[in-house]
Amino acid sequence: MRTQVVIVGSGPSGLLLGQLLATIGVATVILERVDRDHLLSRVRAGVLEQGTLELLDEAGAGARLKAEGLPHEGISLAFDDRLHRIDLAALTGGKHVMVYGQTEVTRDLVDQREAAGLTTIYQASHVEPHGFDGEAPYVTFEKDGVIKRIDCDFIAGCDGFHGICRASVPAGAIRTYERAYPFGWLGILAEVPPADHELIYANHPRGFALCSMRSARRSRYYVQCRLDDDIGDWSDGRFWDELRRRLPPEAAAKVVTGPSFEKSIAPLRSFVAEPLRFGRLFLVGDAAHIVPPTGAKGLNLAASDVRYLFWGLREFYRDKSPAGLEAYSGRALARVWKAVRFSWWMTMMLHRFPDTDDFAQRIQEAELDYLVHSQAASAALAENYVGLPY
Ligand code: FAS
Ligand code: PHB
């Protein structure tokens, strides 16, 4: 088998890259480890930057998003029993974010790919990239017990943090940067109306909490939890009680409770691999970097990398120029590190750290007080939250 670009991973990175390449007639094959149902069942991100919306539209997967997505012009920070609204639109000259679940983004992209008759091989095991330091890369994998090979021009490593592509790069050729946080996020989905029409990020002595949503009928909530917490220790009742204790009374009173239909704990980390290009192998999205979800950047950074790699591949195939591919890593990392900084800053400001001392706690309180009373500080948060320029 031969194609132009083998994409490892059918998450948002791989699917979006595949659809954009299809718009310029570049052939791709996606190799995905899990089956289609598992892929479409994942619950992940919920907030899309304007740039991500534009890219999804360019890929032909923006229709349902425009019809069902929820435009949000502000967020609230909650601390000292009060809500403080950050007017994103007013502070950024009218920009906003769109609340639309990653699960739906994935479904829209899968539907687009299938409608175009493009190839995704699900339950591909033992995927392995080869020869990417030369001119003739290829990928081997196992499907139904048979080892297969796909020859290609390029390999896009869109296989997430635990994927094979970054792991296939010689240790001496890659450098990583990492920060692990001493807590996790316990998240639930429930078919109940959201507590507020916008997101609420709460800093409370008992810990962080986030009120988000997927629609006017479906809410997404998170509370900071211990890393050694077991999901079995968190009944719905305990979750609702803890969430309401961490919100200001006016917000807690509006929380509508109900049975959760998804409940999970995710660890938080900051991680960046450098560089992102190794000959004819490119790392994209979570395969290259991880951010704590506090800044709502993970999915948007994946789209950011895809944009730069798509530009590079378009220059290669359309203009016969390698310039864009040579610039990919530097361009993508410049934007990645600013989002890593913002996500780290939001996490440090909004969470309670088990080992914090009195001085650090007072600094966190001063940070919040300055942020909500300074237009310059609020504008800095707003321009990062809606997405920095490309
Ligand atoms: P993904 O991890 O989504 O996709 C990688 C794909 O590659 C997967 O389908 C995987 O099955 C496949 N794969 C892996 N190894 C393979 C192999 N060897 N062979 C073939 N296929 C392989 N971001 C936010 O902005 N907000 C959030 O609230 C948020 N919550 C999150 C919660 C959790 C539990 C996790 C894990 C992430 C969360 N994220 C969040 C980040 C998330 O949205 C990612 O940024 C986004 O999924 C990145 O997309 P991809 O780069 O496509 O990676
Ligand atoms: C979500 O809705 O899942 C969500 C929203 C904002 C975040 C993180 C997660 O910062």
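These figures come from a predicted structure and were not determined experimentally. Note that ligands are numbered from 1 as they come in the structure, with each ligand's atoms numbered from 1 the same way.
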S.K.: Taking Arg82 first and then Asp80, would you say they form a salt bridge - that is, a charged N and a carboxylate O separated by under 4.0 Å?
M.R.: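 Asp80 and Arg82: not salt-bridged.
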S.K.: So if I count the atoms of ligand 1 from 1 in the order they appear, which ones are less than 4.0 Å from some heavy atom of Tyr222?
M.R.: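 Those of ligand 1 that fall under 4.0 Å from Tyr222 are 28 (O).
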S.K.: Looking only at atom types and distance, does a side-chain atom of Glu198 sit under 3.5 Å from a main-chain N or O of Gly74, one as donor and one as acceptor?
M.R.: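 Side chain of Glu198 to backbone of Gly74: a pair is present.
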S.K.: Aromatic rings Tyr385 and Phe342: how do their planes relate, parallel, tilted or perpendicular, breaks at 30° and 60°?
M.R.: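 Perpendicular.
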S.K.: Do Arg149 and Tyr138 form a cation-pi contact, if we require the NZ or CZ to be under 6.0 Å from the six-membered ring centre and within 45 degrees of the ring's axis?
M.R.: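 So Arg149 does make the cation-pi contact.
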S.K.: Please produce the table of protein N or O atoms sitting under 3.5 Å from N or O atoms belonging to ligand 2, one pair a line, distance to 0.1 Å.
M.R.:
unit_1, atom_1, unit_2, atom_2, d
ligand 2, 2 (O), Ser212, OG, 2.6
ligand 2, 2 (O), Arg214, NH1, 2.7
ligand 2, 3 (O), Arg214, NH2, 2.8
ligand 2, 3 (O), Tyr222, OH, 2.6
ligand 2, 10 (O), Tyr201, OH, 2.8
ligand 2, 10 (O), Pro293, O, 2.6
ligand 2, 10 (O), Ala296, N, 3.4

S.K.: Check this for me: does any side-chain nitrogen of one of Glu262 and Arg220 sit under 4.0 Å from a carboxylate oxygen of the other?
M.R.: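 Result for this pair is yes, salt bridge flagged.
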S.K.: Just jot down the ligand 1 atoms closer than 4.0 angstrom to any heavy atom of Gly285, in number order.
M.R.: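 Those of ligand 1 that fall under 4.0 Å from Gly285 are 51 (O).
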S.K.: Got a salt bridge between Lys95 and Glu49, using NZ or NE/NH1/NH2 to carboxylate O under 4.0 Å?
M.R.: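 Between Glu49 and Lys95 there is no salt bridge, as every charged N stays at least 4.0 Å from the carboxylate O atoms.
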S.K.: Taking a cutoff of less than 4.0 Å between a non-hydrogen atom of the residue and any ligand atom, is Arg42 in contact with ligand 1?
M.R.: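 It does, in that a heavy atom of Arg42 comes within the 4.0 Å cut-off of ligand 1.
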S.K.: Suppose I only count heavy atoms of Val127 and a 4.0 Å limit; which atoms of ligand 1 are within that range?
M.R.: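 With Val127 as reference, the close atoms of ligand 1 come out as 19 (N).
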S.K.: Once the angle between the rings of Phe183 and His351 is folded into 0 to 90°, is it parallel (under 30°), tilted (30 to 60°) or perpendicular (over 60°)?
M.R.: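 Parallel.
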S.K.: So which heavy atom in the protein is nearest atom 51 (O) of ligand 1, and how far is it from that ligand atom?
M.R.: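 Scanning the protein heavy atoms, the shortest distance from atom 51 (O) of ligand 1 goes to Ser13 OG, 2.7 Å.
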S.K.: For ligand 1, which atoms sit closer than 4.0 Å to a heavy atom of Gly163?
M.R.: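 Within the 4.0 Å cut-off of Gly163, ligand 1 contributes 15 (N).
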S.K.: Which of the numbered atoms in ligand 1 are below 4.0 angstrom from a heavy atom of Gly160?
M.R.: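 Selected atoms, number and element: 2 (O), 5 (C), 53 (O).
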S.K.: Between the main-chain N or O of Gln102 and the side-chain N or O of Thr106, is there a donor-acceptor pair closer than 3.5 Å?
M.R.: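 A pair under 3.5 Å: yes.
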S.K.: Suppose we measure from atom 34 (C) of ligand 1 to each protein heavy atom; which comes out shortest, and what is that distance?
M.R.: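 Among all protein heavy atoms, the one nearest atom 34 (C) of ligand 1 is Ala266 CB, 3.8 Å.
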S.K.: What atoms in ligand 1 come closer than 4.0 Å to a heavy atom of Leu39?
M.R.: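 Selected atoms, number and element: 9 (O).
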S.K.: Could you check whether atom CD of Glu365 has more than 12 heavy atoms from other residues, nucleotides or ligands sitting under 6.0 Å from it?
M.R.: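 Yes, CD of Glu365 has more than 12 neighbouring heavy atoms, counting only those of other groups under 6.0 Å.
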S.K.: How close does the nearest protein non-hydrogen atom get to atom 37 (C) of ligand 1, and which residue and atom is it?
M.R.: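 Atom 37 (C) of ligand 1 sits closest to the protein heavy atom Arg44 CD, 3.2 Å.
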S.K.: Tell me which part of Leu31 gets within contact of ligand 1: side chain, backbone, both or neither, using heavy atoms under 4.0 Å.
M.R.: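 The backbone, only.
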S.K.: Is it true that Phe79 and His204 have ring centroids separated by less than 6.0 Å?
M.R.: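 No - the distance between ring centres of Phe79 and His204 does not fall below the 6.0 Å cut-off.
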S.K.: I'd like to know if Asp236 and Arg238 make a salt bridge, using a cut-off of under 4.0 Å between side-chain N and carboxylate O.
M.R.: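 Arg238 and Asp236: not salt-bridged.
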S.K.: Looking at Lys66 and Asp57, is any side-chain nitrogen of the basic one under 4.0 Å from a carboxylate oxygen of the acidic one?
M.R.: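 Yes, this pair counts.
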S.K.: Compare Glu32, Gln102, His38, Arg33 and give the one whose heavy atom is closest to atom 11 (O) of ligand 1.
M.R.: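 Selected option, by shortest heavy-atom distance: Glu32.
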S.K.: Pick one of side chain, backbone, both or neither for how Lys297 approaches ligand 1, counting any non-hydrogen atom pair under 4.0 Å.
M.R.: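 Backbone only.
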S.K.: For Val43, which fellow cluster members are found when Ile, Leu, Val, Met, Phe, Trp and Tyr are connected by side-chain heavy-atom distances below 4.5 angstrom, either directly or through intermediates?
M.R.: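 Once heavy-atom contacts under 4.5 Å are chained together, Val43 belongs with Leu189, Phe261.
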S.K.: May I ask you to identify the nearest protein heavy atom to atom 14 (C) of ligand 1, giving residue, atom name and distance to one decimal place in Å?
M.R.: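 Heavy-atom neighbour on the protein nearest atom 14 (C) of ligand 1: Asp159 O, 3.1 Å.
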S.K.: I need the nearest protein heavy-atom contact for atom 18 (N) of ligand 1: residue, atom name and distance, please.
M.R.: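 Among all protein heavy atoms, the one nearest atom 18 (N) of ligand 1 is Ile164 CG2, 3.6 Å.
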S.K.: List the closest protein heavy-atom neighbour of atom 49 (O) of ligand 1: residue, atom name, distance to the nearest 0.1 Å.
M.R.: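 Going atom by atom, the protein heavy atom closest to atom 49 (O) of ligand 1 ends up being Pro12 CD, 3.5 Å.
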S.K.: Of the backbone atoms (N, CA, C, O) and the side-chain heavy atoms from C-beta on, which set of Val8 has a member under 4.0 Å from an atom of ligand 1: side chain, backbone, both, or neither?
M.R.: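 Side chain only.
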S.K.: Checking a contact table here: which protein heavy atom is nearest atom 25 (O) of ligand 1, and how many Å away?
M.R.: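 Nearest protein contact, heavy atoms only, for atom 25 (O) of ligand 1 is Gly298 N, 3.1 Å.
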S.K.: Any non-hydrogen atom of Ala296 lying under 4.0 Å from ligand 1?
M.R.: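 So Ala296 counts as touching ligand 1.
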S.K.: Touching ligand 1 at all, Trp185? Heavy atoms, strictly under 4.0 Å?
M.R.: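 No.
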S.K.: For atom 5 (C) of ligand 1, which protein heavy atom lies nearest, and how many Å away is it?
M.R.: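 The closest heavy atom on the protein side is Cys158 O, 3.4 Å.
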S.K.: May I ask you to decide if the ring planes of Phe239 and Trp234 are parallel, tilted or perpendicular, using 30° and 60° as cut-offs?
M.R.: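 Ring orientation, 0 to 90° scale: perpendicular.
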S.K.: Under 4.0 Å, heavy-atom basis, I'd like to know which part of Ala287 is in contact with ligand 1: side chain, backbone, both or neither.
M.R.: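 Near ligand 1, Ala287 shows nothing, with every heavy atom at 4.0 Å or more.
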S.K.: When the ring planes of Tyr177 and Trp337 are compared, do they come out parallel, tilted or perpendicular, using 30° and 60° as the limits?
M.R.: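 Aromatic pair Tyr177/Trp337 classed perpendicular.
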S.K.: Salt bridge or not for Asp108 and Arg64, using N-O below 4.0 Å?
M.R.: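 Result for this pair is yes, salt bridge flagged.
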S.K.: Here's one to test your reading of the geometry: is the NZ or CZ of Arg335 within 45 degrees of the ring axis of Tyr390 and under 6.0 Å from its centre?
M.R.: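 The answer is yes; both the distance and angle limits are met.
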S.K.: Below a 4.0 angstrom heavy-atom separation, can you tell me which part of Tyr122, side chain or backbone, both or neither, approaches ligand 1?
M.R.: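 Neither part.
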S.K.: Heavy-atom distances under 4.0 Å are what count here, so tell me which part of Asp286 touches ligand 1: side chain, backbone, both or neither.
M.R.: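 Both of them.
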S.K.: Among Ala45, Pro292, Pro267, whose heavy atom sits nearest atom 23 (N) of ligand 1?
M.R.: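 Nearest heavy atom to atom 23 (N) of ligand 1 lies in Ala45.
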S.K.: Between Phe208 and Tyr222, is the ring centre distance below 6.0 Å?
M.R.: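 Ring centres of Tyr222 and Phe208 not closer than 6.0 Å.
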